[in-house]
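Beneath this line is the structure, given in structure tokens, with notes to follow.
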Protein chains: 2
Amino acid sequence: MRKSRVTGHDVAKAAGVSHNTVSLVVRDSPLVTPETKARVRAIIDEMGYQRNDVAMVLRSARSRTIGYLLPEDSAEAEVDVFRNQVLKAVTVCAEAHNYYVLLDLFSDAQSGISLMSSGRIDALLVDGRIPNESLLKLAARNLPLVLVGRDAGDLPISWVKADEEGGAFQVTSHLIEQGHQRIAWIAAGEAEHYIVSQRERGYRRALEVAGLQIEAASIVRGDWTFESGFALGYQLLTSSPRPTALFVVTELMAAAVLQAARTLGLRVPEDVSIVTIGDSFWSQYVQPALTTVQVPMKAVGTRATELLFQSINEDLPSPQQIVLPTTLIVRDSSKRVGNK
Amino acid sequence: MRKSRVTGHDVAKAAGVSHNTVSLVVRDSPLVTPETKARVRAIIDEMGYQRNDVAMVLRSARSRTIGYLLPEDSAEAEVDVFRNQVLKAVTVCAEAHNYYVLLDLFSDAQSGISLMSSGRIDALLVDGRIPNESLLKLAARNLPLVLVGRDAGDLPISWVKADEEGGAFQVTSHLIEQGHQRIAWIAAGEAEHYIVSQRERGYRRALEVAGLQIEAASIVRGDWTFESGFALGYQLLTSSPRPTALFVVTELMAAAVLQAARTLGLRVPEDVSIVTIGDSFWSQYVQPALTTVQVPMKAVGTRATELLFQSINEDLPSPQQIVLPTTLIVRDSSKRVGNK
DNA sequence: CTGAAAGCGCTTACAG
DNA sequence: CTGAAAGCGCTTACAG
């Protein structure tokens, strides 16, 4: 048991001060004179004293740790860079505030509640893929909480998300401006999947605003895999009349559609335009580089964490709800229709 | 302060038992009769009691948390899926053992030492990119530690890594068997970068074993970016005599070399073979799909975590050192030389 | 500016 | 099988 050998008590005795003073020195409190500090610090270094954080946490009821509740692995997860981008941003931001990040895989609401009541964390970030009914139970606890990557409807909960709907609207409108009228939509997962449904809304709204008909046959739904993207792309590209443009829900599936087109001998963008949305850097490196809407997940992670620290430190009066804009990036996979 | 409202003491009073008994019930100890358990559990539910983990940790000196020390962001990190794969595996594995994962960004050895002495964690996983001198200081603490993704030379430290050198040897030998004699190597980062140097060793050994000359001009070094891959690919493919095959240190840079070849009007694999190594699933979706060596980072994460739990529970006598095999995956970017 | 006392909420011996 | 006491190592009032 080397790790807990030296306690504040030992240091106090060696330095001829009280335990209390040692504690203040460790926290660099202005209540201690520089001379005493220097003397105590020398002893601390000499004895190799390291504070036991757990005792500190128990007594002060501040853990200097934020929790991050992640969904368990899903079909989607294999493919998804989303979570990684966010997690990285969260960790960097927490570190800057001198906080640790504690990871918890969501299994049910109870495990999340246990964590919130355990004293292990001061606040909780919740991944947007956690189901709403669990979210409600979690939000009922008395601990700052920020939802990451989606909104919470009418619930009085803080959240930070990207404007998925606006992004989808933007890229679909871009296609329409380029003269496309038959624009298919390749979705993924369940119809209620938050991000997919938001993107689909944007797609539908763009068509409606332009007065274009939304045909049922133009909307198909895969399972997040490259293979499903290929199959659906193939299906749509061999249907008649063939769409002049395809909007694909993820960049991986869009890359698959690119291959389906290639397999069929169709040129992109000359014969068909393909656009997508997401945050994968690979999408610019496929051939041709994909026109996409960039979703700023890193920024979402950072803003959410900043908001969490605000809640910890200031006791925010009402829920804060933040939407970050997306960016249309026109690359080589889309062009004006008919203009070969 | 809702979170700490109900304590074990309150439950004990309400149930008419001692605080001790409540503690045993929460831990589901066989020392308590089923009747008492049921009665106490009912009260626990009724009162909404949640154990304060921090007090438990302080008293029992077991945090039920493992630490994961990550390197700070580097140029390499932007591109790297490595860490994400590993982290996911670690988290899933920890969850299965009923442990949390605490993230810590490496700034210096001292911060790692503080964490190890803080009582917050029972054991520590260290990312392979942490420098050796810091690793030594960390390993000197009395806490189980496993190094992830690289070996530790002669140091008596447990580690789990993939056979990067063997993988590089394998894919280079594959090229040689296909008749290639001028095989260039595109590296990245600093010469001492562990993974890069291991891969380079495998490359050199394969050439040596085959009795092929290693020419200085065939070895170039980029900076992990797509752009540097493109530039170096372009340079090598316009050099004379042109290499018949290129082995590229990362899959992203290999995708860039593919584009350089396309830009030059060279066909892959007819005019030049391009092979790589890594764990990015994207490499199979570029055109042509890349021949690669699959590095099992997920398995590395899982094995490392399992090893860590062994160290926690059994007090392993000597360091365990595990090398996981890589797998050559021949796809469409390489072929027999001259056989057009 | 420093010290002595109390206590955060558990678990761990130990006694019955 | 259950209970009463001690204590993990800090921080927080409070007193001087």
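The structure presented is a predicted model; accordingly, all values stated were derived computationally and were not measured.
- When the P atom of C/dA15 is taken as reference, atom CG of B/L31 falls 17 Å away, rounded to whole Å.
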Base-pair map of DNA chain D as dot-bracket, where | denotes pairing with a different strand and pairs are Watson-Crick or G-U under 3.5 Å: |||.||||||||.|||
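- When the side chain to side chain donor-acceptor pair (under 3.5 Å) test is applied to B/T91, no partner is found at least two apart in sequence or on another chain.
- Close to D/dT2, at under 4.0 Å from its OP1 or OP2, lies a side-chain N or O of B/T36.
- Distance from the side chain of B/R59 is smallest for D/dG7 among the nucleotides D/dG7, D/dT2, D/dG9.
- Of the candidates D/dG3, D/dC1, C/dC10, D/dC1 carries the atom nearest the B/T33 side chain, counting heavy atoms from C-beta on.
- Comment: A/R64 does not engage A/D53 in a salt bridge, judged by the lack of any side-chain N to carboxylate O separation of less than 4.0 angstrom.
- Residues passing the side chain to side chain donor-acceptor pair (under 3.5 Å) test with B/D104: none are found, sequence neighbours excluded.
- Comparing D/dT12, D/dG3, D/dC10 by their nearest atom to the side chain of B/V17 picks out D/dG3.
- Between the side chain of A/R51 and the main chain of A/V26, no donor-acceptor pair closer than 3.5 Å is present.
- Of the candidate nucleotides D/dC10, C/dG3, C/dC8, D/dC10 has the atom nearest to the side chain of A/Y49.
- Side-chain atoms of A/V146 and A/L124, non-hydrogen and from C-beta on, never get closer than 4.5 Å to each other.
- Put simply, the side chain of B/L138 reaches to within 4.5 Å of the side chain of B/L145, judged on heavy atoms.
- The nearest heavy atom of DNA chain C to B/D53 and to B/N20 marks one nucleotide each, and the one closer to the 5' end goes with B/D53.
- No donor-acceptor contact under 3.5 angstrom links the side chains of B/T302 and B/T305, judged on distance only.
- Nucleic acid contact for A/H9: none, since no nucleic acid atom lies under 4.0 Å from a heavy atom of the residue.
- In terms of position along DNA chain D, the nucleotide closest to B/P34 lies nearer the 5' end than the nucleotide closest to the other residue of the pair B/P34 and A/R27.
- Closest contact between the side chain of B/R51 and the listed nucleotides D/dG9, D/dA4, C/dC10 involves C/dC10.
- A/V57 comes within 4.0 angstrom of nothing in the nucleic acid, heavy atoms only.
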